[in-house]
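Naming convention: chains lettered A, B, ... in sequence-line order (proteins, then strands); numbering from 1 in each chain.
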Amino acid sequence: MVAAAAAMAADEAERARGRRAALSFATIAVVLGLPLWWKTTETYRAALPYAAIDGLGQQPVQLVVPMAVVFGPGSVPGDLPRPLPFRDVQKMEISVNRERPPLRTSITSRYEMRYRSTTAQEEAALAAATAREADAALYLLQDTTLGSLTMYVVPETSSLLPQGINAYVGKHRSALVRAGGSLAALQARLREVTQVMSFTASSIAAVLSDRVPDGQLSFDARRNLKSSLGYEITFSLLNPDPKSHTVDWDIEGAVNRFVKPVLDKLSLVANFSVDSQILYYAVLGVTPRYDKESSSFLLSAHSLPHVINPVEARLGSSAASLYPVLNFLLYVPERSHSPLYIQDKDGALVSTNAFHSPRWGGIMVYNVEAPASPQASLPLHVDVDMARVMEVFLAQLRLLFGLSWEEVPPEFLLESPGNEGLADWELDHLLWAHTVENIATVSTTLTSLAQLLDKIGNIVIKDDVASEVYRAVASVQSAVTELSLGHLLAAFQASKEAVTSSERAFFDPSLLHLLYFPDDQKFAIYIPLFLPMAVPILLSLAKIVRETRLRKKEPTKMD
Amino acid sequence: MLADDMACNPRNPKPATVFSHKNMELNVYGDDVEVDYRSYEVTVENFLRVLTGRIPPSTPRSKRLLSDDRSNILIYMTGHGGNGFLKFQDSEEITNVELADAFEQMWQKRRYNELLFIIDTCQGASMYERFYSPNIMALASSQVGEDSLSHQPDLEIGVHLMDRYTFYVLEFLEEIHPASQTNMNDLFQVCPKSLCVSTPGHRTDLFQRDPQNVLITDFFGSVRKVEITAGALALDRDVAALESKFPEEELATEPLKYAEQLPVAQIIHQKPKQKDWHPPGGFILGLWALIIMVFFKTYGIKHMKHVF
């Protein structure tokens, strides 16, 4: 009896040990194994500031323009609200379509105006003979921080400005404005001057145009060069007929004399690199029409769009740089197609004989004079007049950047910027536009990066990507702060850093999502690994559960 | 992106040519074909990298898609495919979900203005079913459940030269010149079921403009928007070369010399190097540990005293 009881006890102990073993296996598998498997198969995702990125899209942007309005002697209107000097602030909302995301932010412009009267030195400067001399003298006396404006008010009857001209816009950051009788008329004129010299609502809306739904903006608004850290400029000479023309162009000298001053002025905006090349036997893809009356060849306006593509394949560009390339082509027509003129839509000849394509560059046709005697020996030697060529190319460069004087009211006189190519206030135009564009680009880039990483769960986020994102967020916030304080240059530089960081983060090569695995493939991978291990555990657990249920019933049965 | 194993294949009787028809009229592998990715570089990963722009910084310009928000992009894909996938190089596949996600990432970064997607594979319509980004127009050579068939074989080479849909689209496009006003609706009519055996399909619901108003030359032929330059700047011609505001500093550098590339004398007269003594590594230790363990297991631990 004892042996049987002992055997049963041993049996019972054995089974108990078995139950404990099975339970411990199951516990270890669930408590240790499952979390370990989950942790080791998850993709490494560094933390990103999602809340800050969300806040970027909704942050209102304020563009602050510090302005000084200086009243010359005899020009103070009678109905000033307060005696001089005093300050005033004018706000204007720039309306951009905010209904569709991601453009949820609002952009307002704030003109902080300081009204004061002239100092003795300024009065002496305003007593100059012409507006240009007055402006040059006043330049030495004024505040020249980027983004600021100074407006000098002269009496309505002053002879400083020519007849019929209400405002003279200098090539720095100042303007001379006629008083206009009442404060309201003066303020209307000042507003017009500000629209010319600083930014307009449409120019700001234009740089945000790629975020605005299609059809809201006119086509013109979207043709300027996008803000970039640098641009490459390539000058090419196309000589399709080397047998007839040997063309010599002193491009290096021309670049040093004419192009470098303009690029030096633009160096605040971006880095520029210039190269040049000569292409032989490069023809335009279009055959010009012969016009009997003028005995010349004509290229009509509607054939111009087809000119660029055949040439472009041969232009080439630096393989290493990723900056946008601006191509300026000088085409010397073949002897059999000389002289070649470009016709505009109305059939008139274009005076510059040149055309340009937005975001690409420009082409100019340079006609060689026919030789005096028809027996002149070929090839003819041609020395290109680089000054004439550069005048056209630099005009095209300005147009590509969006600096044009089309919208200036007729009663304004603008001083020509001369060899510098652009006035200081035009530089400010570019800085305002590029800063706003950079800020908008960064907030949409970061927002879409956050959405993308949220949506596609198996993209790895490395630490350096996360640090670039943090840096971009900090730079954008600093750019917006600087804008609201009126520091345009600091805001522009912060926005450039923000764009660099955010582009680096968004286009990091490691962010390619691990290729898509449909669910049935995932099961196919895991089942052969886990099923053999899970079956004994589950079966023994089931057995334990059954036994405990039986044992619970037994006492009631045995009573 | 071409696998590019056909034109210079040893079996090609006319090397460096690929004709569309056995009458050898049109060489589609002509002088102006530029192949940026060929043979082993054509992978799903490279394709997605080119589209999304997530390319290693060392990639040259010609291998990047340098498009911006005003670029129209044409994507044409052909090969073997099935319901929701396309085969790359007989070894991997791209699924319609990945393609749709790639297009969405392009849209987020405004890397295209409008996109035309043409696909010629079996069940091609499944590839554009999942697109959800705006401004995409898609054409496919066959519906889900249908096969796309080849055109005619060239018995000299022994293979079919071109697929039917591609052949008829090529015939249609050969008649388009840069000034043509043909619109997309005409492209949708190319290759009806009678010629193509499969039913071509298209998808325009994501496209904002009406296909009637979309010119073929918006995507083919690279026709640019052009403006006349109205006025020139007035430059002062007598200016001398300007001293740049940022003069480049001329540093005096000493002339550079090449270092000795190979120390020949040392190599020839080398003595064998004295090797430092290292303690035995893991494998040896493990092996000895195993041997000792087996020994003591067999004979018992009391034999340890014979060792020490």
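In terms of modelled atom types and a separation under 3.5 Å, the side chain of B:R54 and the main chain of A:F506 share a donor-acceptor contact. The closest donor-acceptor contact from the side chain of A:R398 to the backbone of B:L233 lies at 3.5 Å or more, if one exists at all. Between the side chain of A:S357 and the main chain of B:V226, no donor-acceptor pair closer than 3.5 Å is present. Side chain of A:N419 to backbone of B:D236: a donor-acceptor contact under 3.5 angstrom is found.
Remark: the B:K109 side chain and the A:T445 side chain contain an N/O donor-acceptor pair separated by less than 3.5 Å.
The closest side-chain heavy-atom distance from B:Q108 to A:Q451 is below 4.5 Å. Taking 4.5 Å as the limit, some side-chain heavy atom of A:I342 sits within range of a side-chain heavy atom of B:I228. Side-chain atoms of A:L394 and B:L235, non-hydrogen and from C-beta on, do get closer than 4.5 Å to each other. Counting heavy atoms from C-beta outward, B:E227 and A:Q396 have side chains that stay 4.5 Å or more apart.
Counting heavy-atom pairs closer than 4.5 Å to chain A, the top-ranked of the candidates B:G221, B:A230, B:P178 is B:P178. Note: A:L452 leads A:I363, A:V350, A:L263, A:L452 in heavy-atom pairs under 4.5 Å with chain B.
A cation-pi geometry, defined here as NZ or CZ lying under 6.0 Å from the six-membered ring centre and within 45° of its normal, does not hold between B:R49 and A:F507.
Looking at A:V325, the atoms closer than 4.5 Å to chain B (heavy atoms on both sides) sit in the backbone and in the side chain alike. The contact between A:L399 and chain B is made entirely by side chain atoms (from C-beta outward), counting heavy-atom distances below 4.5 Å. Only the backbone of B:A234 comes within less than 4.5 Å of a heavy atom in chain A; its side chain stays farther off. For chain B, no part of A:A313 is nearby; none of its heavy atoms comes within less than 4.5 Å. Within the 4.5 angstrom heavy-atom criterion, no atom of A:E252 approaches chain B.
Once rounded to the nearest 0.5 Å, the distance linking CG of A:D508 with CD1 of B:I55 reads 13.0 Å. The CD1 atom of A:I308 lies 12.0 Å from the NZ atom of B:K225; values are rounded to the nearest 0.5 Å. Atom OG of B:S222 sits about 6.0 Å away from atom CD of A:E312, to the nearest 0.5 Å.
Between A:R359 and B:D69, at least one side-chain N (NZ, or NE/NH1/NH2) sits under 4.0 Å from a carboxylate O, which counts as a salt bridge.
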